[in-house]
Visitor: 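One structure follows; several queries about it will come next.
We count ligands from 1, going down the list as the structure has it; atoms in each ligand are counted the same way.
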Amino acid sequence: MERLPGFRDFYPEPLPDAEAWSSSARRYIFEKWRSVATRYGFVEYDGPPIEPLELYTLKSGDEIVAQLYNFLDKGNRAVALRPELTPTLARMIAAHARNYKKPLKWFSMPQLFRYERQQKGRLREHFQFNADIVGEQGPGAEAELIALAIDTLRSFGLGSDDFVIRLSSRAAWQEFFIKNGGKPEDEYQFYQAIDKLERETEDANREKLKKLGFSLEQVYDFIKKAEPVDGLQAIIENLRARGLSEFVKIDYGVIRGLAYYTGMVLEAFDKKGEFRAIAGGGRYDNLVKLISKGKVDIPALGFGMGDVVLCELLKERKLLPQFKQTIDVYFCIEYESLRLESLSLIQKVRDSSYTVEYPLSSARYDKQFKRAVELDATWFIKLEKNSSGKIVAMVKNTRNREERAITPDEILNLLKPIPKNGII
Ligand code: HAM
């Protein structure tokens with residue numbers, strides 16, 4: 001049976017073919033996400049993968065609502081698989097904002113589902129690193145969040161030649177919209193048109209803007225001038241002090257498709273422009289208020305970084321490490337009569353946190369040795385009986401090829417000084 005289109009199987013390494021998704025690469029990405037977020041003082045949270053449909057129809061915006069995996073559950077509730085995490089976060093904050101000291105710095109790595117047309121960089125399921133700051137008004141929060149996005153990408157070995165964070169401002173666009181006679185009821189449609197500028201033909205863009213009372217030239221002119229509003233200037237100065245300003249540029253060509261953004265917005269792209277956005281986010285000061293039906297009013301901002309584009313980019317730049325399973329100990333069972341004694345020791349060695357592999361059923365010695373080499377075991381151990389019938393452990397350090405015969409009790413003492421191998 002085939003898997004559903006737009007979904008992925010994650011295989012262990014070595015991969016069955018070049019197209020397969022690697023569970024080791026996924027783990028590598030998750031570990032980096034988690035470690036940089038933790039370094040920045042963010043704490044982890046999560047919500048349910050299914051939410052009431054209404055959570056998304058309230059304010060996410062037409063595009064994402066059209067892509068919902070939604071259905072009636074057996075209790076006749078209209079529900080949806082989560083297409084993004086921000087509404088869930090807003091719901092969680094609305095319920096318990098009072099229990100936490102502000103500002104909150106929270107991160108999560110949910111799997112999200114969007115019923116969209118499958119294409120390069122876009123699937124029907126992806127994992128997304130979300131980092132959000134809640135309860136902070138000033139541009140210091142924006143800069144902290146952008147620095148986190150930059151350092152996350154840098155942690156994978158990507159540099160300022162590889163990616164850029166395009167910074168823009170919904171507030172600047174709103175001012176432009178109002179100053180040039182835009183009607184309040186057209187505001188979101190106008191943002192949608194700007195969001196699509198780079199993806200649609202010039203004629204389609206011109207037509208759409210004309211209907212809203214704008215000319216394409218007027219819009220291009222505003223983008224080209226890229227005059228930083230105050231907030232953006234402060235963000236850039238903050239990032240300059242950290243030595244990170246080379247990673248950002250003001251670019252009003254970005255506006256974001258999601259409806260809830262209110263201030264600064266950002267999108268991270270590869271510099272060669274070969275991939276879709278790696279990350280996107282912004283300030284959304286009214287979403288918690290909207291979701292709590294006016295009960296909780298708290299400013300917030302955040303970004304989401306998807307694993308699909310990131311993984312494609314890392315592959316293309318050859319920045320993914322070689323993933324290979326390695327172990328600490330291969331416990332060879334050459335004589336089946338010593339299997340039970342061997343198992344007792346294997347258990348002890350594993351209890352001491354070493355990774356141990358051994359044959360589950362009788363196997364030839366040379367096959368076992370080959371497997372130990374494949375697994376790059378640091379130690380090769382086997383039990384045997386000496387001439388006086390006593391059980392001894394033959395312990396070989398495969399790194400320096402030293403072999404010693406010791407009593408089984410001494411095994412753990414001998415292993416101790418060796419640094420632990422990781423396993424994947
Ligand atoms: P978004 O721009 O919809 O934002 O998604 C963020 C990132 O997730 C995108 O830049 C892209 O890398 C990845 N992504 C989105 N959809 C797909 C897909 N179908 N397949 C693969 N990757 C995808 C949000 O979701 C906001 N909720 C982010 C946010 C957090 N804003 C504030 N806090």
Visitor: Under 3.5 Å between any N/O of Ala277 and any N/O of ligand 1: does that happen in this structure?
Guide: yes
Visitor: Below 3.5 angstrom, do we get any N/O pair linking Gly281 and ligand 1?
Guide: no
Visitor: I'd like to check Arg154 versus Leu244 (side-chain heavy atoms, cut-off strictly below 4.5 Å). Are they in contact?
Guide: yes
Visitor: Identify whether the distance between the nearest side-chain nitrogen and carboxylate oxygen of Lys105 and Glu144 falls below 4.0 Å.
Guide: yes
Visitor: Is Glu125 in polar range of ligand 1, meaning some N or O pair under 3.5 Å apart?
Guide: no
Visitor: Please list, in number order, the atoms of ligand 1 under 4.0 Å from a heavy atom of Gly121.
Guide: 20 (N), 21 (C), 22 (N)
Visitor: Checking the N or O distance criterion of under 3.5 Å, is ligand 1 in contact with Tyr284?
Guide: no
Visitor: Purely on distance, is any nitrogen or oxygen of Leu123 under 3.5 Å from one on ligand 1?
Guide: yes
Visitor: Is there side-chain contact between Leu72 and Asn76, with heavy atoms separated by less than 4.5 Å?
Guide: yes
Visitor: Charged N to carboxylate O under 4.0 angstrom, Asp376 versus Arg399?
Guide: yes
Visitor: May I ask you to identify the nearest protein heavy atom to atom 4 (O) of ligand 1, giving residue, atom name and distance to one decimal place in Å?
Guide: Arg256 NH2, 2.9 Å
Visitor: Taking only Lys NZ, Arg NE, NH1 and NH2, and the carboxylate oxygens of Asp or Glu, determine whether Glu246 and Arg240 approach each other closer than 4.0 Å.
Guide: no
Visitor: Parallel, tilted or perpendicular, judged at 30° and 60°: which one describes the rings of Phe129 and Phe107?
Guide: perpendicular
